[in-house]
Amino acid sequence: MKIFTTMLATAALVASPLLADDAEWETWGLTDDAITIGVMGPFSGNASSYSKALVGMMAYYDKVNDAGGVHGRKLVAVQEDTACDSAKGLAAAKKLISQDEVFMLQGNSCSGVALALRPTIVEAGLPWIVAHAVSDSISDPMAHNIFHGVPTGSANGRAMAAFVLSKPDTENVAIIEHSNDWAHSYSNPARDYLKEHGVSPSQELTMERGQTDATAQILKLRQNKPDFIIAALYEAETAIFLRDLKKYGMGDIPVMGTAGTDLENTLKRTGDFDTVKNYYVIHSYVDNLDGTLMKPWADMIHKYAPDEELSTFSFVSIGSAEALVAALEAVGPDLTRSKLIAALEQVHDFDTGILSDPITWTATDHQGVKSSAVAGFVDGEPTVLKAWGQPY
Amino acid sequence: MSQTMPTAKQRRLRSLLFWAVPALLLLLPFATNPYTQFIANGMLISALVTLGFTLVIGNLGQLAFANTAFFGIGAYGSAILAAKLGLPWLLTIPLAGALGALGGFLASAAALRGIRSYYLAIITLAFGELMRWGYLHAKPLTGGTDGMPMPPETLFGTSFSSDTLKFYVFLAVTVLLVKATLNLMRSRFGRAVMAVRENEVATASLAIPTSRVILVTFMWSGFVVGCAGALFSRHVGYVFPESFGMLHLIASFAMVLVGGLGSVLGAVLGAVLLTALPEYLRAFPGMEELFFGLIVAAVLVLMPMGLASLLRRLSPIFVERFYREAP
Amino acid sequence: MTTLLTVEGLSVRFSGLTALDDVSFTLEEGNVRAVIGPNGAGKSTLFNAISGYVTPTSGTVHLKGQELTQLSPHAIAEQGIRRTFQNGGLFPALTVLENVLTGLHAQTEGSFLDILLGRSKALKSEAENIHRARELLKLMSMDHMADTRAGDLSGGQQRIVEIVRTVASDPPVLLLDEPAVGLSPVARDQMMQIIHRLAGEKGVGILLIEHAVELVMAAADRILVMAAGARIAEGTPDEIREDRAVLEAYLGHA
Amino acid sequence: MDTPEPLLKIRDLHVGYGKKPILRGATYDVLPGECLTLLGANGSGKSTSLNAVCGFVTPTSGSVLFDGIETAGLPPHKIFGHGIAQVSQARDLFPDLTVEDNLRLGAMRRGGKALAQNLTRIYHRFPRLAERRKQATRTLSGGEQQMVAIGRALMSGPRLLLLDEPSGGLSPQFCEEIARIIDALKEEGVTMLMVEQNLNLAFRAADRFIVLRDGVVVDGGDVRAMAGDHDAIVRNIYL
Amino acid sequence: MLMQLTLGGLSQGMIYALIALSLTVVYRSTTVVNFGHGDFVMAGAFVSYVLVVLAGVAFLPAAALSMIAMFVLGVLFNRGLVRPIQGGPHIGLALMCIAAGYVLRGIARMVWGREVLPMPAVFDMQPIFIGNLVITGDAVFIIGTVLVLLVLFFGLMAMTDLGKMVQAVYQSPRGARLIGLNVDRFNDFSWGIGAALGALGGILVAPVSLLHPDLGASFLIKGFAAMTLGGFGSLGGAVLGGVLLGIAEQYAGAYLDSALIEITAYLVIVAVLFIRPQGLFGRKAVVKV
């Protein structure tokens, strides 16, 4: 047994980068003209549409690089696929950290994968900006090197519930959702917020992905007559749900949707304005996707990724990349990992010009985006809203 | 065509090799980084999953796809026992195996009720998906969609976050289970299993209790895969329902077929090869389904008995069913 | 001479159809009894009923005074009635030696756990059985084929291996279902010698379904003739040859 | 008496299933217009002969010449096209289809032009089938099913009809009916090759017989010449 | 409420019926259960998407072309990959089908994996209100199309010589050889028809749902459940099983728990196989092992 433990200790010594020379570790993945950044995301698999977020983010890197980089260093993305699978994601992270030896990590879209990665990345100690996944547990409890750069699930969910309650006389709220972690990451914080405000959901329904009919669910709702419905459903199911809602004469009940859907697409899918006129979605951006404030970003993505089709995901990770670049600028040319982490903690009230809420990272709180706006139709025009009846 | 059986000398060489390979592998962590070590650990888990799978579809010849169910049962079993009951993870491995065996018992109950062939395939697929639904909806026990983290633990003062430590435990479990399975397949029991596959009616005429053979094979398969599930929960450190869906089935098929249906050595070989290859294909994301699909189709048409048959032709050392004759 | 097998009033009915109609006979040690009759006479049903593959509607089967009637096939085999199959019951993917070893399954010691852990008890018993299987193959001059896949043997060799496998555990009673079908005349002679030796030297009681005339006439001590599920005649080969009822049965008057 | 040119010439035919050889060099002829019956114990190669002739099994060697055309190795539907139809032992009817559909299907690939005519003729010959033309064949008695099987084969106007145990599983009364059917077919000039276990029927209906043993022809002759000595043949084959 | 649920279940069940029927067509002729059929369904939807959205073909001709393309694919798959291993164990056949499915899914993923593809709505119709009952355009479209197709299919099978020949091949392949049919060619034909009918299921679902490469997986299980419920191998049973499954899902969702909709099919499979393996309308099941 003694031999075994000795062997183990030796192996650990050889294998662990943590025990290597500290100074060397601080500048791992850094050269005079490049900063390597590991970008993990579901570039394959059934969640690969999320990877659009990372494509948008890397377009921003390219934009920065075209403008000369940061203190003469280009941002070099090293892309790794997680396929939204925890084992594959772990392999990707370990590859980036120990084989590609990147300076830092940014990205990851699937919360499950991010949760599985957390211990490994905490142990490795390099900075990681979570640029898309929303689960709160990724950055709470706080880890010194993990920064959340998008509104978390609770921020979104609470924003949804807050919007619902901002409508006068809302008492009877129903929830319909998919039974997966994506949906729960919205619905659970929304439930919490509702409860905090003395409202408990009157009805909880599930609708699974791939269902083409919501009759059973709608009929249950019809008996209950809710004031507001929170729907944590993907795009297709949202369209089916809204369509069936209207069909059964309940088109006047407002529905609050997630950031996974957007107004224009939902309108396109249902092909009928009446169906979506009472539909509201979490909208983390300052403007409509085709609005003037978003156009420069769309042009940027198209410049660097010409074939890319834009979706609501395309813009979500850019804000955190802006904050990263700001922190890198602040550190100066003498960059180390520790200095970057310190600089990130100095990012306060950082207006990204793209996210509806600013990014603030402090030494005690790494969840940078605290809330989110809502989009809905006002007088037939898609409008970004702060609260019921209050334009952004 | 006569199969050349290994000579006494070759048999000695082989048993030497059987222990020499894992002995050499003890040194592997000195040659890896955390990434390659993680992949190597994954190979050991795949080897056990493939082994359990090949026993049922290869040796017993039953079209049962319950292996993802056994795997999930093992992983969740281990995670629940460790996280909710506070058992040391090492202890949960055999317990997860026992839970997997229970799953095997249920699957064999279908087979023994005369549900065979395509019916068995369909009902075992349904079994796997029902289990997954259970993981999703038994939230207090399984964490539902949020998954379940494994509690941190140490052994000999080393944290189980070390892939090296995991490797030694995984290796020990894998070697033990492979050895036990080899013992089984080389015994009267292993012959009875294949006899049931070849001709169930004639098998009964030789005083072999065919029902019990089917039952025990399913249970052993469940045990091996259940243990693999326990390793997996520690490997990833987190269990999610999505890890046990049908999407992972094709990789298992490919591993079984590439190695050679019904071959223990082939199961290990197929698992190692097909865990490693996709890592080399990382640069081309999205190729995996295509890759495994094409491999399965190609092996079925061109090399139905897999790599194990090629090795057997190379040297009788690789013949698995040898006889332990009196010296 | 001890009576090994006693069959009394055995009947089998499938949904109204009588496949076996009140058949009785005994089989003594060292005796070879052939069962013949036109197609559909119920010969195979008789075998299946005795060996437990078909549950008799009525009647009993005793082996050395012990009742076996309602037991499962493997239990009946364990009690000592072993059988071969008309279409060949070998396991083609297993080697000849392995096939013979399956016949010794119940004779091998060692629990599941012993096997799993590779305990010496199981290993020793296995080694003894391998030795015994090789001896048996040598007796039939098949030892050089021990490691051949059974599926690669010629039809005659397959028949012989199946019989070796079936008698490996020294069962007192053997049911042979058309052992000579598809055999060349040379192989058939060999089969005849094997049957003689099993009955004569080892005292096995043999029940034989066979269509090869010269084999039946030369090997059987007595012949049971069946037609339409019932026994229509019994006697020595010479008696049967001259039996009017038998001739009529074959001619199609039954 | 001059022997006419045989319609079917089988020469040194070898057929096996896997490792099991069944026919080991059978050689015989079927003359136009006759009914030849194959006799022999189980496993002697009778049914295999029929299946080799109609292409269900492919001979390993040897030749099957049908009216001068080599058919060994052709797929069954091609051989059928040349005019060889079989009434198989299991009958292989289409159980959920009606009697009339079963019959009509017999003429889909051959004999379609004379379909209506043939149908009338078969209903005329088997009035019982005409009564049951709309019934699914699964509901028919064994004898009626055999009539459908024979009728279906006749719908293609075959030049050679293979009959595999036409009396199999049927009552003795029906055997007589089978014999009458065969007589009628002979009158129409249909050539037949038959396998029959019921020797009385075989001798009553056939012109010539052949005894197969171990896949070769060991005996044969004119049925009339054997009149009265059927016992000898039974002993030769079975006892 | 009951009527409304029944109508909803009917329109969903029609799709299941179509998929179960297409699986049965292949199974009856070749005794192969196409475990990759879900992906054939998906492929059909994608082909029609390409034609409608990218090539600008109108929906109906696109649907027809897509079915033809899938017919050809089914035939080629049978000839190239199934027939060479047809004599082997069923495990090989099942794995081959699964592999083919994954290949189709992999191709779809490579090309469209990162996009969520909306198919333009095909049938815009104001819902009809009959008292409390609401009948939507989609329901009319799906139920109508499938009904027409079923009438056509069963009509052809029952009335035409070709249909009778197909039935003959299903009921007795040996008998079909005895009457001179080229059974191999009929099997090709069955694979083609099976693939085309499955594709139609995908085409019908596409305008209602989103297109994604995993579209087929759940339909495969629903198809199996419908087949099992109706009686494995029975054409009519497959249709009835599909309709009943669709309705059962709605009832379970409305009267018990909406989370049950997802697993109704699995529960049906387990229950039927343990309680009445031959299904509701099947005769005593005979599976060649």
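Residue numbers start from 1 in every chain, and the chains themselves are labelled A, B, ... in the order their sequence lines are given, proteins ahead of strands.
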Side-chain donor-acceptor pairs of residues 299-306 of chain A under 3.5 Å, sequence neighbours excluded:
from	atom 1	to	atom 2	distance (Å)
A:D299	OD2	A:K295	NZ	3.1
A:H302	NE2	A:E308	O	3.1
A:Y304	OH	A:D66	OD2	2.6

Let me know if A:S51 has heavy atoms under 4.5 Å from chain E in its side chain, its backbone, both or neither. both

Heavy-atom pairs under 4.5 Å with chain E: which of A:K220, A:M207, A:E237 has the most? A:K220

With a strict 4.5 Å heavy-atom criterion, list every residue of residues 38-47 of chain E that contacts chain A, or say none. none

Note: vs chain A, highest number of non-hydrogen pairs under 4.5 angstrom among E:L5, E:V205, E:L7 is E:L5

Is A:L205 close to chain E through its backbone or its side chain, or both, or neither, when contacts mean heavy atoms under 4.5 Å? both

As an exercise: rank E:A139, E:S11, E:A217, E:G8 by heavy-atom pairs under 4.5 Å with chain A and give me the winner. E:G8

Per-residue contact mode, A:Q223 against chain E (heavy atom under 4.5 angstrom): side chain

So if I take each residue of residues 241-248 of chain E and look for any heavy atom under 4.5 Å from a heavy atom in chain A, which residues do I end up with? none

Identify every side-chain donor-acceptor pair in residues 249-263 of chain E under 3.5 Å, counting partners at least two apart or on other chains, and give the distances.
from	atom 1	to	atom 2	distance (Å)
E:E249	OE1	E:Y16	OH	2.8
E:E249	OE2	E:Y16	OH	3.4
E:E249	OE2	E:K222	NZ	2.8
E:Q250	OE1	A:A216	N	3.2
E:Y251	OH	E:T6	OG1	2.7
E:D257	OD1	E:A259	N	3.0
E:S258	OG	A:T206	N	2.9
E:S258	OG	A:T206	O	3.4
E:S258	OG	A:T206	OG1	3.3

